[in-house]
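Only one structure is covered here, and it is reproduced in the block below.
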Amino acid sequence: MIRKLLFLLIVCVGVVGNVKGQMDSWMLNQWLNQMNMDVYQQQQKLTEEFMELLDAESKRRDANAMAICVMLPGGADVFFARIQTLYLDLKNVVVVHQFPDKSKEVIPSSSYFALNGTIITNSVFKPGHSVIVKRKDTGKVLTKTTIPSKNTVAYQTFLQGAQQAARAYGNSNQNFNFSNSVSSPGGNGTATKSKQCSLCKGKGWIAGSKMPVYGTGGTYWCDECGREVYASHSHDRCPSCGGSGNTY
């Protein structure tokens, strides 16, 4: 009888132990599931906050998008436009050439050099012409620059400003040399003969920077430029003379 009671006691203890083990395992799983849920919810919250910050930054950049146009001399009474954008992809920029008769012509992207937020047009702008920079998505005009009519005080002031900008730009870019100043206004209106391009110095190209290829870092000596250059160094068609080396 005692043996039976001991056997039943052992069985009961084993059953209770097994049930307790299963309960402990279930509680552990519940705790792990709750912890995973808390971590997931925290990650979701962080992701939502990050996306909200990105959206706010995108809206801020979009609201502050702007463009600055500087006209640089490329010859006698000839200018080309250097456009700098801020908070705006160059693919979302439209450059319009407006003529004195108010007719307009959109300059295709194939007709200008664009890199790192800067556009240098290959179009020839003369007195009375305007450059209009707009957003492609909204059509909003970001900036408009008009060259005053020739033989006016305004044109003389404009020309001096363009020459100063060219010199300042040349000082920060070794390959841009505007030492040959453009002709002063007030000429006799006769046709201007071709002369060496003051931007490329008759070479037909200017030094640029192509997109570097992975694994091609470092520098090398460029014989044509006469200096040490980065691996991304390139020779691009001159935007002032279109590669001819001469302006008119």
Side-chain angles (χ1 to χ4, degrees), residues 62-170 176 178 181-187 189-192 194-195 197-200 206 237-244 246-248:
D62 190 68
N64 293 328
M66 61 180 296
I68 300 173
C69 179
V70 177
M71 304 303 292
L72 301 176
D77 302 322
V78 172
F79 302 84
F80 63 93
R82 182 179 185 272
I83 301 165
Q84 188 78 37
T85 62
L86 182 65
Y87 302 136
L88 189 63
D89 193 305
L90 293 181
K91 295 180 180 179
N92 194 22
V93 174
V94 176
V95 183
V96 180
H97 188 163
Q98 180 173 294
F99 300 90
D101 61 359
K102 302 304 180 181
S103 61
K104 298 177 181 179
E105 180 181 288
V106 174
I107 302 176
S109 58
S110 58
S111 295
Y112 57 69
F113 175 76
L115 184 67
N116 296 333
T118 301
I119 292 175
I120 300 179
T121 67
N122 194 25
S123 298
V124 174
F125 295 91
K126 298 182 179 182
H129 294 208
S130 301
V131 184
I132 303 173
V133 183
K134 301 191 300 182
R135 292 185 59 133
K136 183 180 294 183
D137 54 356
T138 63
K140 178 183 177 181
V141 175
L142 300 173
T143 184
K144 179 179 179 180
T145 302
T146 301
I147 304 173
S149 300
K150 192 178 177 182
N151 300 328
T152 63
V153 175
Y155 180 73
Q156 295 182 30
T157 303
F158 179 89
L159 183 60
Q160 291 174 359
Q163 291 174 335
Q164 291 176 359
R167 285 192 290 269
Y169 187 52
F176 283 74
F178 294 90
S181 60
V182 298
S183 302
S184 59
T190 57
T192 304
S194 63
K195 65 177 183 178
C197 176
S198 60
L199 178 60
C200 67
I206 59 175
R237 186 177 66 172
C238 176
S240 177
C241 65
S244 68
N246 297 312
T247 56
Y248 299 89

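All values derive from a computational prediction rather than experimental measurement. Keep in mind that the numbers below use all heavy atoms, side chains included, and drop hydrogens, waters and symmetry copies. Index from 1, following the sequence.
Proximity of a side-chain donor or acceptor of T85 to a complementary backbone N or O of G117 within less than 3.5 Å is detected. Between the side chain of D137 and the backbone N or O of N92, no donor-acceptor pair lies under 3.5 Å.
Here the CG-CD distance, from L159 to Q164, works out to 10.0 Å after rounding to the nearest 0.5 Å. One distance of note links CD1 of I83 with CD1 of I68; it measures 11.5 Å at 0.5 Å rounding. Taken from CD in Q156 to CG in N151, the straight-line distance is 8.5 Å, to the nearest 0.5 Å. In this structure, CZ on F125 lies 10.5 Å from OG1 on T146, to the nearest 0.5 angstrom. Atom NE2 of H97 sits about 12.0 Å away from atom OG of S111, to the nearest 0.5 Å.
The two residues T121 and F80 come nearest to each other via the heavy atoms O-CB, 3.9 Å. Taking all atoms of both residues into account, the shortest heavy-atom contact from I107 to S123 is CD1-OG, 3.4 Å. The two residues P73 and A162 have their closest heavy-atom pair at CD-O, 3.4 Å. The two residues R82 and I120 come nearest to each other via the heavy atoms CG-CG1, 4.2 Å. Here the shortest heavy-atom pairing between V93 and D89 reads CG2-O, 3.6 Å. The shortest heavy-atom contact between Q84 and N116 is NE2-O, 4.0 Å.
Inter-residue side-chain proximity for V95 and V131 is flagged as met; some heavy-atom pair is nearer than 4.5 Å. Side-chain atoms of D77 and K126, non-hydrogen and from C-beta on, never get closer than 4.5 Å to each other.
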Inset, instruction - Determine, step by step, whether M66 and L142 satisfy the side-chain contact (heavy atoms from CB on, under 4.5 Å) criterion, reporting the C-alpha distance in whole Å, the side-chain angles of both residues, the deciding distance to 0.1 Å, and the verdict. - result: CA-CA 6 Å; M66 61 180 296; L142 300 173; 5.7 Å; no

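Under the side chain to side chain contact (heavy atoms under 4.5 Å, CB included) criterion, P148 pairs with T152, A154, Y155, F158, not counting sequence neighbours. Considering only residues two or more places apart in sequence or on other chains, T143 meets the side chain to side chain contact (heavy atoms under 4.5 Å, CB included) condition with A67, C69, V133, T145.
Note on ring orientation: taking the six-membered ring where Trp is involved, the planes of H129 and F99 are perpendicular (angle over 60°, cut-offs 30° and 60°).
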